[in-house]
Amino acid sequence: MIEIQLGEVGAHRVRLAISPLEEVLNAVRLLTRPGRSPVHARWAVANRSTLTCLDVPELVALVKGDRYFPDFLSPPPTDAWTAVEDQLEAVTHTPAEQVSLEVTMSAAGRDEHELAELLVDPDKTRDLLAEQMGRCWEVLIRPLWPRIKDLLDTDVHYRSRQFGSGGIAKVLTGLHPGVMIERGRILMPTLNSARLELDDRGLLLVPSSFAGGIGVMMTPPWQPSVVYPARGVATLWEDVPALDHDPLAGVVGRTKARVLRELADPANTTTLAQRLGVAPSTISEHVKALAAAGLLSARRSGRSVHYRRSALGDELVASAS
């Protein structure tokens, strides 16, 4: 178990962000053991041969351990819109001594020869791993990214609302059943045992669609971070259900009914179009019409606008269910 001491300053500096490279790392870890997460089992079995074809043995060797894998492979994101290109560039700028330290930490408790070659030339190792991470991103994650990003955005919005309704305690204890807050300390259910006192950087919370449990980044100089399983991961592999006999469709039309039912949680028009298999221009027209009727509310999030059902929209959907 890892104990995080909030402190007076750290408790007021908790924020959420999305990390594309964290998805890469956790996806690769999952592919080394398809049974690690039952909800992803079918995807893992289908893509295990893909990992072999990618030819990334050094990356696999580093991340397949149970206790620690290098933090520099997933530099803490700055916000929900951090680009994978920026993270990969940050990886290549990691000092050689940091690479050496973290690879050595990864080797603890394992065969001393397993990672020895990676310590011979840390600069070369760092650049090789960055290249392998980029390759895995392109093949394993990029094709799924719109769907994954939508899931992570939804989780971030949900946690943000929790801050308003229940404060930091509600957010933190809701990340995982094993998380507890006790006398100003956050107790994280992990295999490692350690203690961390937050400084004025606070704590970063990072949802992940492929995370099998809680992970804590606490190796200096990295921003203290907690990676946790995002809500609703099972929906990643669900198809949109057919609603041919939806009574709501008789009132607003079939496509608008599907839009209303999808927007229980926020989404932008691009993501919504991908979910429903409808042209973005068509979705945009329907969303504008529903918003004009007061059935949807809009909120700008970075460079995009996220829509969700309004209270009136919730009432309409509930009455037709």
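Since the structure is predicted, the reported quantities are computational estimates derived from the model, not experimental observations.
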Using a strict 4.0 Å threshold on nitrogen-to-oxygen distance, state whether R161 and D265 make a salt bridge. yes
From R159 atom CZ to L205 atom CG, the distance as rounded to the nearest 0.5 Å: 8.5 Å
Please report the interatomic distance CG(L248) to CZ(R258), rounded to the nearest 0.5 Å. 12.5 Å
Heavy-atom side-chain proximity of K64 to R110 below 4.5 angstrom: yes
Considering all heavy atoms, the nearest P224-L198 contact: CB-CD2, 3.9 Å
Are L151 and I214 grouped together when hydrophobic residues (ILVMFWY) are joined by side-chain heavy atoms under 4.5 angstrom apart? yes
Heavy-atom closest pair, residues P266 and D150: O-OD1, 4.2 Å
How long is the gap from CD on Q87 to CE on M133, to the nearest 0.5 Å? 8.0 Å
Is any side-chain heavy atom of I141 closer than 4.5 Å to a side-chain heavy atom of F210? yes
Is there a side-chain contact between E131 and D127, using heavy atoms and a 4.5 Å cut-off? no
Take E102 and W222 through the test side-chain hydrogen bond (donor to acceptor under 3.5 Å, both in side chains) and record every step on the way to the result. CA-CA 12 Å; E102 296 187 17; W222 304 115; 2.6 Å; yes
Just verifying a value: how many Å separate T50 OG1 and L31 CG, rounded to the nearest 0.5 Å? 8.0 Å
Could you measure the distance from the CG atom of L196 to the CE atom of M217? Nearest 0.5 Å is fine. 12.0 Å
Applying side-chain hydrogen bond (donor to acceptor under 3.5 Å, both in side chains), run through E22 and S208 and close with a yes or a no. CA-CA 7 Å; E22 195 64 44; S208 172; 5.7 Å; no
Same hydrophobic cluster for Y228 and V171, using side-chain heavy-atom links shorter than 4.5 Å among ILVMFWY? yes
Establish, yes or no, whether the cationic atom of R231 lies under 6.0 Å from the six-membered ring centre of Y158 and within 45° of the ring axis. yes
Nearest 0.5 Å please: distance from the CG atom of N26 over to the OG atom of S209. 8.0 Å
Under a 4.5 Å cut-off applied to non-hydrogen side-chain atoms, are V24 and L140 in contact? no
Would you say N47's side chain and W43's backbone share a donor-acceptor pair under 3.5 angstrom? yes
Taking C-beta and beyond as the side chain, do D155 and L152 meet within less than 4.5 Å on heavy atoms? no
For the hydrophobic clusters of this structure (ILVMFWY residues joined by side-chain heavy atoms under 4.5 Å, transitively), does one cluster hold both L204 and L16? no
State yes or no: do V60 and L21 share one hydrophobic cluster built from I, L, V, M, F, W and Y residues joined by side-chain heavy-atom distances below 4.5 Å, directly or via other members? yes
Full working for side-chain hydrogen bond (donor to acceptor under 3.5 Å, both in side chains) between T125 and E58: CA-CA 9 Å; T125 293; E58 293 81 7; over 6 Å; no
If you measure only the distance, is there a donor-acceptor pair under 3.5 Å linking the side chains of S19 and S74? yes
If you measure from the Lys or Arg side-chain nitrogens to the Asp or Glu carboxylate oxygens, is any gap between R126 and D123 under 4.0 Å? yes
Are V305 and N268 packed together at the side-chain level, in the sense that at least one heavy-atom pair is separated by less than 4.5 angstrom? no
Would you say L25 ends up clustered with F72 if hydrophobic residues are merged whenever their side chains have heavy atoms under 4.5 Å apart, either directly or through other cluster members? yes
